[in-house]
Amino acid sequence: MAFQGSEGLEEQIEEPEDTPRVSPAEEMPVDGPPAVEEPLLLPWDRFSSWLHCICVVGFDLELGQAVIYPHHSKLTEKEKTSICYLSFPDSNSGCLGDTQFCFRFRQAAGRKSSLGCFLDHFDRDAPVCLKRDQGYYYGYVYFRQVRDKSLKRGYFQKSLVLISKLPYVTFFHSLLKLIAPEYFEKQEPCLEAACNDIDRWPTPCPGKILTLPIMGVVMKVTAIFFLCKISGQCSDSLVSIILPTVHEVDLFRCFHPVFFHIQMLWELVLLGEALVVMAPSPAESSDTVLALVSCISPLCYCSDFRPYFTIHDSEFKEYTTRTQAPPSVILGVTNPFFAKTLQHWPHIIRIGDMKQAGEMAKQMKVKKLKNLKTLDSKPGVYTAYKPFLNKDEDIIKQLQKGVQQKRPSAAQNAILRRYFLELTQSFIIPLERYVASLMPLQKSISPWKSPPQLRPFIQEEFMKTLEKAGPQLTSRLKGDWIGLYRQFLRSPNFDGWFRNRRKEMTQKLEALHLEALCEEDLQLRIQKHTEVETVDLVLKLKEKLVSAEKDQLPVKPGTLPKLQAHIESIILSLPEDLQGILHKPPSP
């Protein structure tokens, strides 16, 4: 296997000094969090905030597979191999023409980003569903396969792949629709131009309208979370495409083949159960896995998931072994081999052709796992799982009525997404309420003592709160909610959610402690201190200031400058020799 072509992007296109450079996107504030001031960015830093690299993967009997990527990007041999195998549909998929799908793979250990601090700031302000994927990369694929008798295989087969840590599936697929057809026609110069255009974009920022120029077209992304507008000039008329989201797939289209089991699927994902999606193509496989992961939003799915998984994947043996229970992971597969290899998995979803999503789905019972013999088995859910909650017939009837009345797909999707959102919120609100009660009272925070600790999460104590303040307050669904909570508290999703909430609350306590310090008359305090004690106080305050800036503590505006002023004031009250020592920056 050979990897070639990085030289083609090794040098940037030369531009005369007087040539006006296309401005990085116009930025217009909208209602939302205050804008984040961008750090001083080096060449290719803007590109790196959106993409890790762009790869071209071709299959040729003589040359093997080849990857082209910008010169600044680094990929390990294992990462390159993963990208090569995951960029092509299995031969049984029969994907003629153009196909788009996505995959996800593990990042090599030890990789660091030059934009780490800035991107951490972005993650803090972004919703859970739009945060960067720590430890993993997404690959967004545009695959073209057409007959070509001049080639030994008889087919032209090539994929253009965007590698990114951002889960913006709708946005990147739309970007590929602009770049890929041009690339297949004009080859490398087109890819160079696209890379240089992206390096002129502003970094992703919540609460702004970003105008992103790309190959003569402008992508206008509003608030980066809600609306993406693509526009450009074509034959003197304005072409405009509106994307309702940058990251969401069409839930109704994805779940249509297993329409009557959506509530059970929600439970399985919530509990982090091992799930495999068997689909006829990578497009349907990846969309369905992404739909499953997003159905518990705004709760973050904390286990591994692979929208498209193959027998060549580096985790193949780890995830298919029969020597231990299947791991908490959602796999999307298309190879018939998996029907036998994963037969021991507890929950299998067989997805048929999604093109018939406008037709009425037939009532289907949950099927026994022993009935799943091959990938040709009928669509359905194969499991022995018994849901904790009673089936919600109202949502089924509402969506069925929409199909009968030919309600637009976007409306059906909105109804289903709202249903999942309200169901997840009803489940998570009692947990949020209990965890909030673990926070110490503000009056217990003393500026001269360490911040108080959170009380521990006690499962039985939480369970007692459900009798009067459980999900019955916001959900009409009946069933064994207590059993569902007990199972959830043992899942990776609870572990990830609680770790995140505990971190947020601990940082809030640190912030309140810092604010209490700033309200103290420190000059009066140091009058009672010896010189040594005063120096020690200054060092501790400087340490807290550095830590607060690094961790981006949620303090009131003006708190950190006020603390800095306090520190300066105390230093100036000390002898000159100590002032010089204390003004020195800390050693790295």
Side-chain angles (χ1 to χ4, degrees), residues 32-36 116-135 165-167 204-207 224-225 247 270 272 293-294 296-303 421 424-447 449-459 461-462 465 469 471 474 485 488-518 543-560 563:
V36 179
C117 293
F118 173 77
L119 294 177
D120 286 344
H121 196 110
F122 167 76
D123 271 358
R124 187 195 68 179
D125 295 330
V128 166
C129 56
L130 291 176
K131 293 182 186 294
R132 284 177 302 141
D133 206 334
Q134 301 292 345
K165 297 191 76 67
L166 299 173
C205 181
I224 203 65
F225 304 143
H247 68 288
L270 180 76
V293 168
S294 72
I296 62 169
S297 181
L299 192 65
C300 178
Y301 181 77
C302 297
S303 296
L421 174 64
T424 304
Q425 286 179 330
S426 291
F427 180 82
I428 212 72
I429 284 172
L431 279 161
E432 290 280 7
R433 188 182 292 117
Y434 173 72
V435 168
S437 73
L438 305 181
M439 188 84 163
L441 296 175
Q442 189 165 347
K443 65 182 181 182
S444 67
I445 297 173
S446 166
K449 294 180 182 178
S450 297
Q453 299 293 307
L454 294 172
R455 290 199 302 113
F457 187 106
I458 301 173
Q459 181 173 321
E461 188 178 78
F462 163 68
T465 68
T474 52
Y485 278 111
F488 176 72
L489 294 179
R490 295 194 290 267
S491 75
N493 287 332
F494 169 73
D495 184 58
W497 172 81
F498 184 61
R499 258 190 290 113
N500 187 54
R501 292 293 290 117
R502 184 168 53 195
K503 179 182 175 183
E504 289 174 354
M505 293 167 72
T506 301
Q507 287 186 335
K508 181 62 179 175
L509 285 172
E510 291 283 353
L512 290 171
H513 184 252
L514 212 58
E515 289 165 10
L517 262 175
C518 286
E543 186 180 333
K544 288 189 75 70
L545 184 64
V546 170
S547 178
E549 290 172 341
K550 181 183 176 183
D551 296 337
Q552 300 166 0
L553 293 186
V555 293
K556 292 178 183 176
T559 299
L560 298 187
L563 181 60

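In this chain, residues are counted from 1 in sequence order. These numbers come from the heavy atoms of this one structure, side chains and all, not from hydrogens, waters or symmetry mates.
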Atom CD of E543 with >12 non-hydrogen neighbours under 6.0 angstrom: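 No.
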Tell me whether the count of non-hydrogen atoms from other residues, nucleotides or ligands lying under 6.0 Å of CD in Q459 goes above 12. yes
Check whether any side-chain N or O of [X] sits under 3.5 Å from a backbone N or O of [Y] as a donor-acceptor pair, and report yes or no.
X	Y	result
S547	K544	no
H513	K449	yes
Y301	G272	no
T559	V555	no

For a salt bridge (Lys or Arg N to Asp or Glu O under 4.0 Å) check, start with the C-alpha distance between R455 and E461, then their side-chain angles and the critical distance, and finish with the verdict. CA-CA 12 Å; R455 290 199 302 113; E461 188 178 78; 3.6 Å; yes
Side-chain heavy-atom pair [X], [Y] within 4.5 angstrom cut-off:
X	Y	value
C300	N493	no
W497	V435	yes
Q507	K503	yes
Q453	L509	no

[atom1]-[atom2] distance between [X] and [Y], expressed to the nearest 0.5 angstrom:
X	Y	atom1	atom2	result
L563	E515	CG	CD	11.0 Å
Y485	L431	OH	CG	5.5 Å
L454	R502	CG	CZ	8.0 Å
S444	L512	OG	CG	9.5 Å
I428	R433	CD1	CZ	12.0 Å
E510	I445	CD	CD1	9.5 Å

State, to 0.1 Å, how close [X] and [Y] come at their nearest heavy-atom pair, and which atoms those are.
X	Y	value
T474	S426	OG1-OG, 3.0 Å
S297	L421	O-CD1, 3.8 Å
P430	P471	CG-N, 3.8 Å
A548	L560	CB-CD2, 3.8 Å

Quick check on the 6.0 Å ring-centre criterion: do F494 and F457 meet it? yes
